[in-house]
Amino acid sequence: MEIFRLKLLHDAWLIFQKDIRQEFKTRYSLNAIFLFALVTLVAVSFSIGTFTASADIKSALLWIIIFFSAMSGLSHIFVREEEKHTADTLKLVAQPTGIFLGKFLFNLFLLFVLELIIVPLYFAVMNFEVSGVAVFISVLLLGSLGLSAGATMTAAIISKASAKGALFAVLSFPILLPVIVAGINGTKIAVKQVAFAEAGSELQMLFAYSVVVITAAILLFDFVWNE
Amino acid sequence: MKLIVEKIGKNFGEKKILRDISFELSPGKSAAIVGPNGSGKTTLVRIICGLIRPSAGKVKYIEGNKQIVTQEFYKAIGLVGPYLELYEELTARENLMFFAKMKRVSNISDKISSLMERLNLTGQEDDQVRTYSSGMCQRLKYVFALIGDPKILILDEPTSNLDSDGIDRVYDIMNEQKKNNILLIATNNQMDLQYGDFQIEVTS
């Protein structure tokens with residue numbers, strides 16, 4: 001059992017490395033995500049204006065930008081394998097769970113890189129401030145974990161469909177809604193409060209969501225991937 | 001290792017593609033799957049490799065007296081087929097390193113060098129796969145298939161896109177595979193067919 005787990009992690013790590021190498025050669029997902037995030041950020045800042053929106057609205061807008069930017073790029077991880085006919089080749093060398101974990105790690109990495117750039121920009125452009133920086137970072141990290149897990153599973157489901165782009169956002173939204181809501185609430189709390197206890201239920205919710213979705217995905221991915 | 005195919009059937013919706021296909025192959029044996037276009041040769045190959053599930057029947061890989069589980073038999077299989085592609089953004093070496101590590105191959109660099117030489121691709125290891133011609137891609141697929149020293153080599157349209165030099169090299173590989181391991185080919189090419197000890201006919 002221990003060896004099986006180690007093999008899974010080994011497979012996941014190799015697939016993650018392969019995807020990173022592929023991504024930095026093509027910048028397929030990176031370009032889509034960053035351009036979308038940047039355009040949305042500029043559009044939001046022009047539409048709302050710098051000082052007219054309340055902190056609550058700005059918290060919501062930040063998560064909307066993160067969600068839709070993620071939607072523009074996180075599906076590529078499986079769509080590319082199907083469109084380039086490499087999915088069968090990958091199936092021949094890797095276990096389904098290893099594939100899911102590798103792709104999940106890649107999407108998580110992509111989301112972290114996006115947030116590393118877009119969040120400071122958002123703070124600067126929207127004149128957004130948070131009192132509880134640690135709370136905000138925790139919400140962001142746990143939210144990313146949930147978003148990546150849900151989006152990776154949905155990406156695998158839609159990769160064999162013909163209208164992939166539209167389906168991904170439509171299918172992901174109900175699955176990822178709890179993350180968005182908890183993320184917005186957590187961010188709203190981080191604006192006003194410094195103590196972790198104040199955002200306890202949101203952080204617990206985000207953590208529990210991630211655990212449930214990752215566990216469900218590991219159990220179900222074999223059926224999604226091989227059917 | 002022994003390959004046992006038991007009463008395989010496959011339906012796509014109402015359409016029955018395969019029905020009651022059964023055969024066995026043990027080391028040193030080879031077979032050729034034959035049938036007209038659309039008869040289900042590729043479907044049968046994909047079922048045997050575990051890429052799709054059959055509607056009926058079973059495929060078993062037996063090592064000693066034990067049946068090998070799915071994750072393990074992937075390591076024992078080498079597959080070449082027109083529907084398998086390598087990562088075109090990566091170089092041949094990057095592709096092969098990735099697949100070899102996934103298959104837990106030892107002495108990866110030496111193995112890549114010797115197989116690339118065997119398929120006459122030496123010097124092109126660091127070229128992106130997208131720059132390869134279709135014939136070179138087919139040769140590279142053989143390197144991919146052989147990198148884990150497969151006990152079962154499955155070749156779907158083995159000589160497609162290859163020039164005469166490539167075909168000779170593939171026939172050498174097939175001859176060698178037949179000696180101690182299992183070889184299964186899906187083809188309608190008369191020259192390829194002579195490498196199968198017996199024929200499995202599929203008709204839709």
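Every heavy atom of this structure was used, including side-chain atoms; hydrogens, water molecules and symmetry mates were not. Here the structure is a predicted model, which is why all the values come from computation and not from measurement.
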Part of [X] lying under 4.5 Å from any heavy atom of chain B:
X: A:Thr26; answer: side chain
X: A:Gln17; answer: neither
X: A:Lys25; answer: side chain

Notebook entry, point to check: Do the rings of B:Phe99 and B:Tyr87 sit parallel, tilted or perpendicular, given the 30° and 60° boundaries?
Noted result: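 Because their plane-to-plane angle is under 30°, the rings of B:Phe99 and B:Tyr87 count as parallel.
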Margin query: Which label fits A:Phe68 and A:Phe36: parallel for a plane angle under 30°, tilted from 30 to 60°, or perpendicular past 60°?
Written below: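 Correct class here is tilted.
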Note to self: If we count only N and O atoms by modelled type, under 3.5 Å, do the side chains of B:Thr91 and B:Asp126 hold a donor and an acceptor together?
What the structure shows: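 No, no side-chain donor-acceptor pair sits under 3.5 Å.
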Next item on the list: Classify the side-chain pair A:Glu115/A:Ser144 by whether it contains a donor and acceptor separated by less than 3.5 Å.
Entry: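 A pair is found: one side chain offers a donor N or O, the other an acceptor, under 3.5 Å apart.
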Notebook entry, point to check: Checking heavy atoms, do the side chain of B:Lys103, its backbone, both or neither come under 4.5 Å from chain A?
Noted result: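 Interface part for B:Lys103: side chain.
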Check: In Å and rounded to the nearest 0.5 Å, what is the OG to CG distance from A:Ser72 to A:Asn31?
Finding: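 So the OG of A:Ser72 and the CG of A:Asn31 are separated by 10.5 Å.
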Check: Highest number of heavy-atom pairs under 4.5 Å with chain A: which of B:Met102, B:Glu88, B:Met97?
Finding: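 Of the options given, most contacts go to B:Met102.
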